[in-house]
Structures are given as C-alpha cells and as structure tokens.
Amino acid sequence: MNSKRLYLHTIGCQMNVYDTEQIAMQLAAIGYEQTATPDGADLIIVNTCTVRAKAEQKAFSFIGRIAKMKRHRKRLIIGVAGCVAQQEGRRILERMPAVDIVFGTQAIDRLPHLVKQIETRHCRIVDVDMVETPDMPDSLVGSQKSSQVSKFVTIMRGCDNYCAYCVVPFVRGRETSRQPESIICEVKALVNNGVKEVVLLGQNVNSYGKNQNLCSFAELLAMINEIYGLLRIRFTTSHPKDLGTDLISGFKDIPKLCSHIHLPVQSGSNRVLKRMNRNYTREQYLDKVAELRDTCPQIAITTDIIVGFPGETETDFEQTLQLVEMVEFDGLFAFQYSDRPPAPAAKLPDKIETSITSNRLQVILASQDRLTRRKNQQLVGSTQWVLTDGLSKK
C-alpha cells in the first residue's frame, strides 16, 4: 500500500487530543502516515473546539490558511472534525469551499470509509450523525506506538448535566461509558509500549458507569491500579455534585492515584450556580474540599471559574473571589463568559460588559498567582518526585 501523508491540527481539550490519536489510527489502516507539517500532506484535518468563541475563531483562521494550499494542490483533501464540525455541519462547506469533509464527534470510526469515497469520487461529505460506537475496535487496541511517557485514555463520552453555559451535550451527545474491559485492555497496551502514566478522560468521570450499570469510577481506578508496569493514574474532570466518598477514599487507598483533583467550581455565588444549573451549592462544594483534605492532606486541588456569567453582580463576584482565597487552590483556569449557542445561557438577559468581565478576570488571576507563589515557596528546599514528559513550549 502506498503511504499517503496526513497532517493533524488539534485545538481544544484533552479529549480532542485523544480523538486526534484515534483519527490517526483509523487512517493508518488505509495507508495514511502522519507528518509533522502541512506542507506536502495529502490530507489535512483540523480537530476543532467550540466551548469558547476564541477556539472556534482559531479553527476557521487555520482552515483559511491551509485553503490557500489547495490552489496549487488540487488533490489535497481538507477535513474538519470535532465539536465545531458537529455543531455547524453543512454550513462549514458553504462557508469554506476548500473543505472536502466535515465529520462529527461520533463519526471517527466511519472516517476511513468517508475518505475513500472522497479519494475515488472527488465528492464533498458531511457526517454528523450521533451514532457512536463507544469502544475502540479490537483491531486498534494496542496499535498505538508512542514514545510518550503519559497518555490520555477516554473512558466515557458525552454529558447529561446540561450546564447553562455549556455546549458539550449538544456536540458530544448523551453520556456513554466505555466497557471497563476495553479500558483495561487499552491501558495495558499503552503500558506495554512504554507508557508510565495514564490520564483518564470524561466530561464527568464521577458518573462513570451509572447509565449502563457498569462498575463505579472508584472501582475502575482500583482495577487500573493493578496493571503491572503502570506508575501513575490521573483523571479529569470531576463534577462536584457527583463526587462521592468512595472516590475521595481512593486518594488514600489507591497507591498509583496521584494526589490531585480538578474540581471545577465555576462560581462562588449560590445565585449564579443556580442560574448555571450546576446542582450544588457553595457550602456543598466547600464540604467536598474539606473531606478531600481530611482524607488526603497533601492533595492538590485545581478548579475552573467563569467570570461575567449573565446577571453576575459585584456581590456575586466578591463571593467567588472570597471562595478562591478560602480554598487556596493549587491552580485555576479562569475564563470570561461568552455566548455559545445553543447553550441556554446564550438567551439569558443581563449580559455583563466586556470591560467589567476583563477586570474581574484579572483580579481572579492575580489572587491565584499570589496563592500559587506562596504554595511553591513552601516547597523550596524539599525533594519531589516529578514525571518529565518532554520539552516545554517555551
């Protein structure tokens, strides 16, 4: 089989990184070999994110740049994958004449067939059907050859929470968990290829298995802990409303589980949390943090915060800032709210001026920077085990 060249460009979350790897494996089966640059590629795919407006803008900017290549290379195939593809579908073909294929978040396993159609018929295709095979085909498990020491493993897809600001349920579908046997098989294959750490991915890992009456997430972690040769286990993301004692106890009872949890709070105001449809209160969140630290005193806790959610008052914001100071997070990701149709918050009144949200964002980041510096200073002079996975981008 003649080797064809594939260039993949990924924007967005860890799940997109994992999906990009699945795309590469699927296309390797029909002769596509990954290349490090788009120059000379026969097929270029951008895996997109629509969680924030900036990520979507980056995707269309990239497509615009590579579209110019097609003027000189008529046989170049350009594809758009991921959440923007799922949401926009055929509108991308209308907006971007150079694009040949648009495929959604649940069409990756159908990709080889779609690409073959384009190669032979020179047609344009849209596949955004939400019919997913949640588990990787047996033929692909263990085919991931990698020099990386840490790898992502998606254990579930989709989400049933419908937070008011979030498009994930609309672009990734309802929550579906992979079979534990398939996950264990994949992790074992990665370890056999030299991987030392796995990061388990899901929109809400705490509800793993509940819809299909599988084992609990804590039980899955215990099974993965038994895999010989694996050194470390991480996971993301946890929803506070579903964080139970069994998982919290895992930070004490599961030796390979790293002492870190990413627990997005989003706001410190009960009024805003209710408008966000988060289904927990400030007080319940603080109780979970206290239980985590009682169980595992050395645990690192990080979080996400949205500033400027529609209707957020200065008092609401002050409550969020107060919570950050109270919890003393080890790190946080803070974002300015932006409308993401069809998420319900896009229709809410009382939008906050950009100048106000920008200022609030800087205040939150400055507060966390001070807390992080203080925590880091406390480690000066100590010896810590670290996992080195490569050169930093800087």
Side-chain angles (χ1 to χ4, degrees), residues 1-12 15-35 38 40-50 55-56 58-137 139-140 154 157-158 167-168 170-173 176 342:
M1 187 184 293
N2 292 329
S3 179
K4 294 163 284 189
R5 288 163 295 184
L6 166 68
Y7 179 74
L8 292 163
H9 181 72
T10 307
I11 299 168
M15 199 166 286
N16 264 18
V17 174
Y18 180 85
D19 286 350
T20 293
E21 292 174 352
Q22 307 309 303
I23 290 169
M25 283 192 291
Q26 292 279 356
L27 292 175
I30 59 168
Y32 279 92
E33 188 176 302
Q34 256 187 283
T35 180
D42 301 289
L43 171 57
I44 298 174
I45 294 175
V46 54
N47 196 1
T48 60
C49 172
T50 189
E56 186 171 331
K58 282 172 65 177
F60 282 113
S61 175
F62 177 78
I63 297 165
R65 292 197 302 274
I66 61 172
K68 296 175 184 176
M69 297 181 181
K70 204 157 185 174
R71 297 171 191 167
H72 310 289
R73 291 155 51 197
K74 299 296 184 185
R75 297 186 70 84
L76 170 64
I77 299 172
I78 296 176
V80 181
C83 294
V84 174
Q86 187 68 52
Q87 182 166 291
E88 296 299 315
R90 187 161 297 278
R91 288 190 293 269
I92 293 176
L93 295 189
E94 295 165 359
R95 177 176 174 178
M96 295 281 183
V99 171
D100 301 284
I101 179 171
V102 176
F103 62 100
T105 55
Q106 296 186 7
I108 292 173
D109 61 320
R110 302 189 289 273
L111 185 57
H113 173 69
L114 300 175
V115 170
K116 281 183 177 179
Q117 280 187 280
I118 295 170
E119 287 175 338
T120 56
R121 293 165 44 196
H122 308 293
C123 54
R124 302 176 83 200
I125 293 176
V126 175
D127 184 347
V128 290
D129 290 346
M130 300 287 265
V131 182
E132 183 189 24
T133 304
D135 284 318
M136 192 188 309
S139 60
L140 290 182
T154 292
R157 297 181 184 275
V167 297
V168 167
F170 303 98
V171 295
R172 288 198 174 266
T176 307

Looking at [X] and [Y], would you say the former's side chain and the latter's main chain have a donor-acceptor pair under 3.5 Å?
X	Y	answer
R157	M15	no
R172	C83	no
R110	Q106	yes
N16	T48	yes
Q86	V128	yes
T105	V171	yes

**Request:** Could you please spell out the steps behind the side chain to side chain contact (heavy atoms under 4.5 Å, CB included) verdict for E94 and R91?
**Result:** CA-CA 5 Å; E94 295 165 359; R91 288 190 293 269; 4.1 Å; yes
For the atom pair [atom1] ([X]) and [atom2] ([Y]), what is the distance rounded to the nearest 0.5 Å?
X	Y	atom1	atom2	value
D42	R73	CG	CZ	7.5 Å
H113	I125	NE2	CD1	7.0 Å
I63	I45	CD1	CD1	11.5 Å
L6	I77	CG	CD1	10.5 Å
R124	R90	CZ	CZ	8.5 Å
M25	I23	CE	CD1	10.5 Å

**Request:** Report yes if some heavy atom in the side chain of I101 is under 4.5 Å from a heavy atom in the side chain of L111; otherwise report no.
**Result:**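 Side-chain contact under 4.5 Å: yes.
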**Asked** Any side-chain heavy-atom pair from Y32 and V115 closer than 4.5 angstrom?
**Response**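 Y32 vs V115: side chains touch.
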**More than 12 heavy atoms of other groups within 6.0 Å of E33 CD** =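 Open: at most 12 neighbouring heavy atoms sit under 6.0 Å from CD of E33.
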**Request:** Inspect the surroundings of NZ in K58 and state if more than 12 heavy atoms from other residues, nucleotides or ligands are less than 6.0 Å away.
**Result:**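 No - once you tally the heavy atoms of other residues, nucleotides and ligands closer than 6.0 Å, there are 12 at most.
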**Request:** Sequence neighbours left out, what passes salt bridge (charged side-chain N to carboxylate O under 4.0 Å, His left out) with E119? Give chain and number order.
**Result:**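 Listed in chain order: K4.
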**Asked** Just one of T20, I44, V46 clears the side chain to side chain contact (heavy atoms under 4.5 Å, CB included) bar with H9, so which one?
**Response**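 Exactly one option meets the side chain to side chain contact (heavy atoms under 4.5 Å, CB included) with H9, and it is V46.
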